[in-house]
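A note on names: the letters A, B, ... follow the listed sequences, proteins ahead of strands, and every chain is numbered from 1.
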Number of protein chains: 2
Amino acid sequence: MKIGELSKKSGCSIQTIRFYEKQGLFEACNRSEGNYRIYDASSLRALRFIKQCRSLDLTIIEIKQLLDTKNNPNKSCSSVNNLIHQHMVDVTHRIAELEELKITLSEMASACTDNRKVKECGVLQLLEE
Amino acid sequence: MKIGELSKKSGCSIQTIRFYEKQGLFEACNRSEGNYRIYDASSLRALRFIKQCRSLDLTIIEIKQLLDTKNNPNKSCSSVNNLIHQHMVDVTHRIAELEELKITLSEMASACTDNRKVKECGVLQLLEE
DNA sequence: TGTAAAGTCTATACCTAGTATAGGGTCAAC
DNA sequence: GTTGACCCTATACTAGGTATAGACTTTACA
Ligand SMILES: [Zn+2]
Ligand SMILES: [Zn+2]
Ligand SMILES: [Zn+2]
Ligand SMILES: [Zn+2]
């Protein structure tokens with residue numbers, strides 16, 4: 001299969017696939033006579049793995065580490081478990097930050113509900129502080 | 001005051017201040033004989049305004065719009081109010097996304113609590129799906 | 001007064017995870 | 001043989017900074 005088909009089947013854009021290859025995340029595949037990339041079912045599986053990881057917001061470097069780990073089937077998987085755990089901690093932290101931000105924004109918003117003139121705007125006044 | 005002092009008083013790094021100036025966010029100031037930037041109290045106020053806005057996660061373009069609006073004291077402030085409101089909507093949305101991600105991560109994490117071998121790792125197995 | 005250190009200047013490269021071009025080559029159908 | 005769909009590489013761009021390099025200015029101290 002050529003890159004366009006892989007793109008449709010995986011849901012990754014063509015540029016993204018080539019980008020992953022350049023980053024060393026997605027193995028460089030065979031080429032046709034005309035220098036077209038030729039993929040098979042295992043390419044699709046590999047790409048879906050990457051997509052799953054990205055949907056968890058793993059960075060490219062982290063995904064590389066996972067792929068490295070996958071290549072040593074008899075080693076301990078603790079690094080995998082730790083990575084996921086650490087991500088959960090980070091996400092929890094980020095949620096807390098955004099909740100705080102939301103409160104601040106809502107205080108801002110309630111400082112000027114009606115339309116006033118700019119010089120009387122409660123939002124701008126809060127921002128000046 | 002020179003840029004180092006403004007940096008300390010504002011909490012923005014020197015490079016950030018110069019970056020804001022280049023972006024047209026922070027007015028280019030007077031220069032000393034030796035071409036050093038010279039600021040005054042109003043520069044500090046302006047920079048603090050920008051910092052407040054950034055702490056609300058307003059983009060540079062949005063801050064520029066706010067500054068434009070501030071320059072028309074007699075116009076309606078509705079664009080300001082709308083901007084803050086829209087941000088709150090966006091933040092709420094983002095929180096919801098992260099909450100979902102957190103649930104997924106927690107399911108992942110509980111799929112492999114103990115340390116197994118990589119080939120038996122529950123996390124990796126979930127990622128393969 | 002000389003010099004060393006600290007501060008500042010511009011310009012440029014780098015970061016993430018892609019996206020969007022430009023300018024060209026390949027391949028199939030008609 | 002030409003059109004159109006597809007593919008190739010290389011490069012520039014995004015946001016909001018951060019981090020240099022290499023040069024200049026100012027300050028402090030002996
Ligand atoms: Zn992470
Ligand atoms: Zn208002
Ligand atoms: Zn916004
Ligand atoms: Zn595991």
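For the residue pair A/Glu62/A/Thr59, the side-chain donor-acceptor check at 3.5 Å is satisfied. A donor atom on one side chain and an acceptor atom on the other are not found under 3.5 Å apart for A/Asn81 and A/Ser78. Residues A/Asp90 and A/Gln86 have side chains that bring a donor and an acceptor to within less than 3.5 angstrom of each other.
The local environment of CD in A/Glu120 is crowded, with over 12 non-hydrogen atoms from other residues, nucleotides or ligands closer than 6.0 Å. Atom CG of A/Asp114 has more than 12 neighbouring heavy atoms from other residues, nucleotides or ligands inside a 6.0 Å radius.
Residue A/Ser13 is in sugar-phosphate contact alone, with no base atom involved, counting any heavy-atom pair closer than 4.0 Å across all strands shown.
The closest donor-acceptor contact from the side chain of B/Ser110 to the backbone of B/Ser106 lies under 3.5 Å. Between the side chain of B/Gln52 and the backbone N or O of A/Glu129, at least one donor-acceptor pair lies under 3.5 Å. Within the 3.5 Å criterion, the main-chain N or O of A/Ala41 finds no donor-acceptor partner in the side chain of A/Lys9. In this structure a side-chain-to-backbone donor-acceptor pair under 3.5 Å is missing from A/Asn72 to A/Asn74.
Mapping B/Gln15 and B/Glu33 onto DNA chain D by nearest heavy atom places B/Gln15 closer to the 5' end of the strand.
Remark on the helix from C/dT1-D/dA30 to C/dC30-D/dG1: inter-end axis angle 30°, axes from five-pair C1' superpositions, rounded to 10°.
Of the residues A/Arg48, A/Arg45, A/Lys70, the one that meets the salt bridge (charged side-chain N to carboxylate O under 4.0 Å, His left out) test with B/Glu128 is A/Lys70.
Counting 5' to 3', DNA chain D first comes under 4.0 angstrom of a heavy atom of chain B and last does so at the ends given by D/dG16 to D/dT26.
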What one-letter contact string describes nucleotides 3-17 of chain C from 5' to 3', where B marks a base within less than 4.0 Å of any protein heavy atom, S marks contact via sugar-phosphate atoms alone, and - marks no contact? ----BSSB-B----B

